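To start, the structure itself, in structure tokens.
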Amino acid sequence: MSLTPLTEDQRDALQEVLNIAMGQAGDSLARILDAFVELSVPRIRVVDVSHVADTVREMVGDRHEVTAVRQSFFDDLRGEALVIFGANGCKDLADLMGYAEELDQQSERELLLDVANVLVGAILNGITETLGTELSYSAPSIMAEKAQVETLINLDQLSWSHALLLEVNYSLENRDFKSHLLLLMAEEAIDALRGAIDQFMESI
Amino acid sequence: MATPITIVDDSAMSRKLMIRALPPEWDIEITQAANGKEALDAYHAGKADVMFLDLTMPVMDGYEVLETLKKEGLNTFVIVVSADIQPKAQERVMSLGAMAFIKKPVNTDEVSRILKEFGII
């Protein structure tokens, strides 16, 4: 199946929608952690499904071990949100949130799920508010623990031909903590998103 | 005489939204810049009595623009327009010499209110 690429205007508008959504999610994270969150310029890629794993690795960087949380979203736009944390991410988070003792595995998981849930919720809300779309999302679940980045995406599970990857990064000032938030959408969602963006552009 | 203003944002759509949010009665000459470097070029060319400045941009971000302007003896009225809405981001840009902070998405009434507050319009 062929896919019409995003026009320059659509890409620019999507970038700005993401920017605003990223800012709202960053603000939520800053409030939880009482720390200053450094934001990046969001990245947008449309890739053939065979390149998804490579692109994710390129976006996240060649970090040794990561822990990832996934959350599906559906209704007007359908896709997967992935929040990828570096191996030390949890320690920094626990520290900032004032946990005195070392966390056991269960509490560590809960902490990562909570943080991922806040980020994903805020970013999806930011997108839906700007574009006027409706989304529901599932509860977050741990997708991989201390795994290699390239093992995160299992091609056999994807029945897609193309994927849209949206990426934003959050890091904390003076800390090791870094997390990547990826939104992955398949071709139908790309078309739906394109429609929503066009409507949004016409409205302004 | 028309007031020279520069709108700095890496997104063309965002610049367009900003231009639309400006009060129609304001007599201005608009220059657009897609990153901090272009913003400083416009400023040095005397095209930025008022600057609407985004923070997150490639090449040179808004913080760097403010730092440079401060070093050079800030001779422009900078209004930061940002999607980064953390209170700390706001504190930071104000300490770097920005006069006001507008949250994205921009709102026409908010822009007019700030321009009036500072006696610009």
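Everything numeric in this text was worked out from a predicted model, so none of it was measured. The chains referred to below are lettered A, B, ... by the order of the sequence lines, with proteins before strands, and numbering in each begins at 1. These numbers come from the heavy atoms of this one structure, side chains and all, not from hydrogens, waters or symmetry mates.
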Atom pairs, donor to acceptor, chain B/chain A, distance under 3.5 Å:
residue	atom	partner	partner atom	Å
B:Ser11	OG	A:Asp12	OD1	3.2
B:Ser11	OG	A:Asp12	OD2	3.3
B:Ala12	N	A:Asp12	OD1	3.3
B:Ala12	N	A:Asp12	OD2	3.2
B:Met13	N	A:Asp12	OD2	2.7
B:Ser14	OG	A:Glu16	OE2	3.2
B:Arg20	NH1	A:Ile204	O	2.7
B:Gln86	OE1	A:Val37	N	2.9
B:Gln86	NE2	A:Val37	O	2.7
B:Arg92	NH1	A:Glu173	OE2	3.1
B:Arg92	NH2	A:Glu173	OE1	3.0
B:Arg92	NH2	A:Glu173	OE2	2.9
B:Lys104	NZ	A:Glu16	OE2	2.7

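Annotation: side chain of B:Thr31 is not in contact with side chain of B:Ile5 (no heavy-atom distance under 4.5 Å). Looking only at side-chain heavy atoms (C-beta outward), B:Ile7 and B:Leu22 come within less than 4.5 Å of each other.
For A:Ala35, the part sitting under 4.5 Å from any heavy atom of chain B is the backbone (N, CA, C, O) and nothing else. Interface residue B:Leu17: only side-chain heavy atoms are found under 4.5 Å from chain A.
Residues meeting the side-chain contact (heavy atoms from CB on, under 4.5 Å) test with B:Ala2, sequence neighbours left out: B:Asp27, B:Glu29. B:Ala48 pairs by the side-chain contact (heavy atoms from CB on, under 4.5 Å) definition with B:Thr6, B:Tyr43, B:Met51, B:Thr76, not counting sequence neighbours. Residues satisfying the side-chain contact (heavy atoms from CB on, under 4.5 Å) criterion with B:Leu115, sequence neighbours excluded, are B:Pro23, B:Trp26, B:Phe52, B:Ile79, B:Val111, B:Ile120, B:Ile121.
The two residues B:Val106 and B:Ala21 come nearest to each other via the heavy atoms CG2-CB, 4.0 Å.
A side-chain contact (heavy atoms from CB on, under 4.5 Å) with A:Met22 holds for exactly one of A:Val17, A:Val41, A:Val168; it is A:Val168.
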